Structure formats: structure tokens, C-alpha cells
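Only one structure is covered here, and it is reproduced in the block below.
Note that the coordinates shown come from a computational prediction; the quantities given were computed from them, not determined experimentally.
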Amino acid sequence: MKRQCIQIPKKKGESARRVLLDFELLDNSLKIGSDETFLYLPLSRELLSHELADFPAEAELAEFDFEPQEKKPTPGDLLGFNPAYELIGDIALLEDESLDSQTAFKIADVLLLAQPNIKTVVKPLTPVIGEFRIREFEVIAGEPRTETIHREYGCRYKVDLSKAYFTPRLSTERSRILSWVKEGDTVVDMFAGVGPYSILFAKSKKPSKVVAIDKNPDAVRYLRENITLNSAKNIEAIEGDAREEAKRFAGTADHVIMNLPHSAHEFLDSAVLLTKPGGIIHYYGMTHEDDLFESSVELIRKAAEKAGRKIEILEEKVVRSYAPHQYNICIEARVI
């Protein structure tokens, strides 16, 4: 099976393998390959260009014909069904809030047994609620904590799940938005959380500046810690209301990120204010399947018209299913 891999001299192989493990990039379904000179470490996905900087200088991207690894029992094999969970760092978050205690404990025991990278299993006690979009959790197995470090696209994000919202399910979406950003751009992340958009942009594309705003003081504390953890440059982390901060940065943004899908529409006037002529608003919303984009586009258009401006829709995308008949969508709108 041909697969992209890291080609590395054998004497440097272990250090490269540890980097892959650290960022959860090693494809454990395939056996590591070798010849007289090199090791070939299979990748679970293609690398972004900046991620090679984390490897020894001798590391190169290559292709290799790998053999499959002997399959280990999965949680589904052991339980007889596939448990629904989200892996954030080394914490498994059970997704079904209605699970009875006996089933939850059974799933947790199997996850800890079958997945050595999982150290804690938690169950949500509440849905995402409140101004800061956080949940309460019960630790049902493993280490008694809700803080972890999640690794994604060569970045590290420290987060306490009970204090700041974070989901790995948007990793592909974050990478998609990254493709819109160019070197020298100014980006305003209106609801930055612990920094998964802002830090990825700063590390990957060398923007002129990233302004990362959030109202949750705990999220901003982790955001600042993550900026240091990732040696990210040109990020200004701000604790405050995006409406007020928009006045300070009016007309400066090439890109405005509005990842607050349940209430981003309430901030559209501020997003338009932030955007320079030709700049792009990346608007996230929650919509019904019968009206995926039209009403959201109209909201953006009205906010632009109020400021004497127009919009050009560049892309409309369904990000993921959120609930029955409800979808998380994103609209790219250029403000003219």
C-alpha cells in the first residue's frame, strides 16, 4: 500500500517517530518500512509545509509501499457496538448525554484498555450553555481532570474542557479556512477561544497580524498560554466583547472569522465594520435543511447595506450535521 511518509536516516528515526506520535500523525495501521539507510514512517494524513520544521533536518517527504499492521481489537470489537466519543488530547469525551451510568463506565473501561493514548474519559452533564458556551462534565474513568493538550496540524492547544469550548471536529474546516489566508494578510478572529484558528494561521501563513478576541477570561488565559506554547508570532490576544473591539480595528481586516454559529448573526454589523474593502467574512451559522444558506446570506447583505457596502458570495459550505435537520454552515462573503 503506497502512502506518503517521512523518510529519515535510521540514526534519527526514533526522534522523528516521537514527533509523529506527539502530533498523532503516525499511521499505526501500517508497519514502519526500512532499507539499508532509511526508515519510512507512514503518515495518517498529508503534512502542511510548516509541519516539517518540527522534524530533524534530515527528514524528507517520500512515498513507500507499506505492509499492513496486524490489527488490534477496537473498542467496537470489544463492546459489540461502536461507542460515540470525541478525542481531545488524551481525554475521550462521550457524546451521548443520555447514557446510563453502567453503560458509560463499561465504555470508559474499554476505551482505557484498547486506546493507550486515552488517559481520561468524561461524560457531559449539560449541553453547551451560557455566554461562554461551556459544559459541565463528570470524570467517569482515568485521571481526574478536564485539562489536556490537543495536537492538530503541528499546533498544540492547551484547554480545560469545563472552562472553554473546543472541538477537534472542526480541524478540517480550520485547514480549509487557512487556504484562504495569504502572507501579509490581517486576520480578526472575533470569537477565538483558545486559539485553534488564530494560532494555525499565524504559524502557517505569516500574516501581518492576527487579532484574537474572546469574552471568556479562561479561554483568553489559555489562548495566551497557547501562543507561547506554539511560539506563534504577530498575534494580539484580547479579552473583550467583539463589538467593542471592532471599533478599534475598523477597516483593517482581510479576513474576519465568525465561528460562533448560534449567534454570529448578532455581530454582523461589527464584522462589516472590521472588513477592509475586498476583505472576506467567514460567517458560521446553524440553519435548517430547508434554508441552508439563503436567509444567512440575506443577513450578511443587510448588514453590509447598512454600512453602505455590498457583498459578493464566494462560497457556501455545509460544515457538518449538528442535529436532526440542522446543519453547521459557513459562508465566505467578500465585502465591497
- Check whether more than 12 heavy atoms from other residues, nucleotides or ligands sit under 6.0 Å from atom NZ of Lys276, and answer yes or no. yes

- Query: Do NZ/NE/NH1/NH2 and the carboxylate oxygens of Asp90 and Arg145 come within less than 4.0 Å?
  - Reply: yes

- Please confirm whether the backbone N or O of Leu200 pairs with a side-chain atom of Ser204, one donor and one acceptor, at under 3.5 Å? yes

- Item | Heavy-atom pair of closest approach, residues Gly76 and Asn82 | CA-OD1, 3.3 Å

- Query: Taking the side chain from Lys10 and the backbone from Asp35, do they hold a donor-acceptor pair closer than 3.5 Å?
  - Reply: yes

- Message: Other residues, nucleotides and ligands only: do more than 12 of their heavy atoms fall within 6.0 Å of CD on Gln69?
- Response: yes

- Message: Measuring from atom CG of Leu26 to atom CZ of Arg17, what distance do you get when rounded to the nearest 0.5 angstrom?
- Response: 7.5 Å

- Side-chain donor-acceptor contact under 3.5 Å, Asp291 with Thr287: no

- Heavy atoms of Pro261 and Arg133 approach each other most closely as CD-NH1, 4.4 Å

- Query: Sub-3.5 Å donor-acceptor pair from the side chain of Lys119 to the main-chain atoms of Ala92, do we have one?
  - Reply: no

- Message: Quick check: do Phe105 and Asp100 have side-chain heavy atoms less than 4.5 Å from each other?
- Response: no

- Determine whether Glu70 and Lys31 make a side-chain contact, defined as any pair of heavy atoms from C-beta on separated by less than 4.5 Å. no

- Carboxylate-amine/guanidinium contact Asp185 Lys182, below 4.0 Å: no

- Task: Nearest 0.5 Å please: distance from the CD1 atom of Ile199 over to the CG atom of Asn226.
- Result: 4.5 Å

- Query: How many angstroms lie between CG in Asp109 and CD1 in Ile140, if you round to the nearest 0.5 Å?
  - Reply: 8.5 Å

- Message: Contact between His282 and Met258 at the side-chain level, heavy atoms closer than 4.5 Å - yes or no?
- Response: no

- Task: Spell out, as yes or no, whether a donor-acceptor pair under 3.5 Å connects the side chain of Ser179 to the backbone of Arg176.
- Result: yes

- Message: Parallel, tilted or perpendicular: which one describes the rings of Phe267 and Phe191, with boundaries at 30° and 60°?
- Response: perpendicular

- Message: For a 4.5 angstrom cut-off between non-hydrogen side-chain atoms, does Lys106 reach Leu79?
- Response: yes

- Query: What about Leu25 and Leu229, same hydrophobic cluster or not, with Ile/Leu/Val/Met/Phe/Trp/Tyr joined at side-chain heavy-atom distances under 4.5 Å?
  - Reply: no

- Heavy-atom check, side chain of Val318 versus side chain of Phe293, under 4.5 Å: yes

- Do you know the tightest heavy-atom contact between Arg174 and Thr167? NH2-O, 2.8 Å

- Message: When you compare the side chain of Tyr327 with that of Glu289, does any pair of heavy atoms fall below 4.5 Å?
- Response: yes

- Nearest heavy-atom neighbours spanning Gly13 and Leu39: CA-CD1, 3.7 Å

- According to the interplanar angle, ranging from 0 to 90°, do the rings of Tyr157 and Phe166 count as parallel (below 30°), tilted (30 to 60°) or perpendicular (above 60°)? tilted

- Would Phe137 end up clustered with Ile129 when hydrophobic side chains under 4.5 Å apart are linked, directly or stepwise? no

- Message: Taking the basic N atoms (NZ, or NE/NH1/NH2) and the acidic carboxylate oxygens, is any pair closer than 4.0 Å for Lys310 and Glu305?
- Response: no

- Task: Drop me the distance from Arg18's CZ to Leu20's CG, to the nearest 0.5 angstrom.
- Result: 12.0 Å

- Would you mind reporting whether Thr148 and Val159 have side-chain heavy atoms less than 4.5 Å apart? yes

- Query: Nearest heavy-atom pair of Pro124 and Leu94: which atoms, and what distance?
  - Reply: CD-O, 3.0 Å

- Query: Does atom CD of Glu298 have more than 12 heavy-atom neighbours, drawn from other residues, nucleotides or ligands, at distances under 6.0 Å?
  - Reply: yes

- On a heavy-atom basis, the closest approach of Lys203 and Ala232 is CG-CB, 4.4 Å

- Consider only side-chain heavy atoms of I, L, V, M, F, W and Y, link residues closer than 4.5 Å, and tell whether Ile118 and Ile88 are in one cluster. no

- Message: For the backbone of Ser171 and the side chain of Ser175, can you confirm whether one donor and one acceptor N or O come within less than 3.5 Å of each other?
- Response: no

- List the steps, then state whether side chain to side chain contact (heavy atoms under 4.5 Å, CB included) holds for Asp218 with Asp160. CA-CA 9 Å; Asp218 289 315; Asp160 187 322; over 6 Å; no

- Would Tyr284 and His265 count as a close aromatic pair, with their ring centres under 6.0 Å? no

- Message: Would you say Tyr283 ends up clustered with Leu273 if hydrophobic residues are merged whenever their side chains have heavy atoms under 4.5 Å apart, either directly or through other cluster members?
- Response: no

- Message: With a 6.0 Å cut-off (strictly less than), is the heavy-atom count around CD of Gln326, excluding the residue itself, greater than 12?
- Response: yes

- Any ion pair linking Glu63 and Arg3 (charged N to carboxylate O, less than 4.0 Å)? no

- Query: Donor-acceptor pair, Arg135 side chain versus Thr126 backbone, under 3.5 Å?
  - Reply: no

- Message: Any carboxylate oxygen within less than 4.0 angstrom of a Lys/Arg side-chain nitrogen, looking at Glu225 and Arg156?
- Response: no

- Working for salt bridge (charged side-chain N to carboxylate O under 4.0 Å, His left out), residues Arg169 and Glu95: CA-CA 12 Å; Arg169 290 192 166 187; Glu95 295 177 335; 2.4 Å; yes

- Taking atom types as modelled, find out whether Ser29 and Asp27 have a side-chain donor-acceptor pair closer than 3.5 angstrom. yes

- Item | Side-chain heavy-atom pair Glu24, Ser44 within 4.5 angstrom cut-off | no

- Message: What I want to find out is whether Glu239 reaches Lys215 closely enough, with some N-O distance under 4.0 Å, to be called a salt bridge.
- Response: no

- Query: Is there a donor-acceptor contact under 3.5 Å linking the side chains of Glu173 and Tyr197?
  - Reply: no

- Ala237 backbone acceptor or donor facing Arg224 side chain under 3.5 Å: yes

- From Ile257 CD1 over to Ile213 CD1, what is the distance, rounded to the nearest 0.5 angstrom? 11.5 Å

- Message: Side chains of Asn216 and Tyr165 only: does a donor on one sit below 3.5 Å from an acceptor on the other?
- Response: no

- Message: Please determine whether side chain to side chain contact (heavy atoms under 4.5 Å, CB included) holds for the pair Glu332 and Ile177, giving the CA-CA distance in whole Å, both sets of side-chain angles, and the decisive distance to 0.1 Å.
- Response: CA-CA 9 Å; Glu332 268 76 42; Ile177 299 296; 3.3 Å; yes

- Would you say the side-chain atoms of Lys205 pair up with the backbone N or O of Leu178, donor to acceptor, closer than 3.5 Å? yes

- Message: Quick one: does any side-chain atom of Thr120 pair with a main-chain N or O of Glu143 as donor and acceptor, under 3.5 Å?
- Response: yes

- Message: Can you tell me if Glu14 has over 12 outside heavy atoms packed within less than 6.0 Å of its CD?
- Response: yes

- Message: Return the CZ to CG distance between Arg248 and Leu274, rounded to the nearest 0.5 Å.
- Response: 11.0 Å

- Check the pair Arg45 / Glu51 against salt bridge (charged side-chain N to carboxylate O under 4.0 Å, His left out), numbers first and verdict last. CA-CA 12 Å; Arg45 62 165 174 79; Glu51 292 177 278; 2.8 Å; yes

- Query: Are the side chain of Lys11 and the backbone of Ile8 linked by a donor-acceptor contact shorter than 3.5 Å?
  - Reply: no

- Query: Is any NZ, NE, NH1 or NH2 atom of the basic residue among Lys2 and Asp65 found under 4.0 Å from an Asp or Glu carboxylate oxygen of the other?
  - Reply: no

- Same cluster (ILVMFWY, side-chain, under 4.5 Å), Val256 and Val297: yes

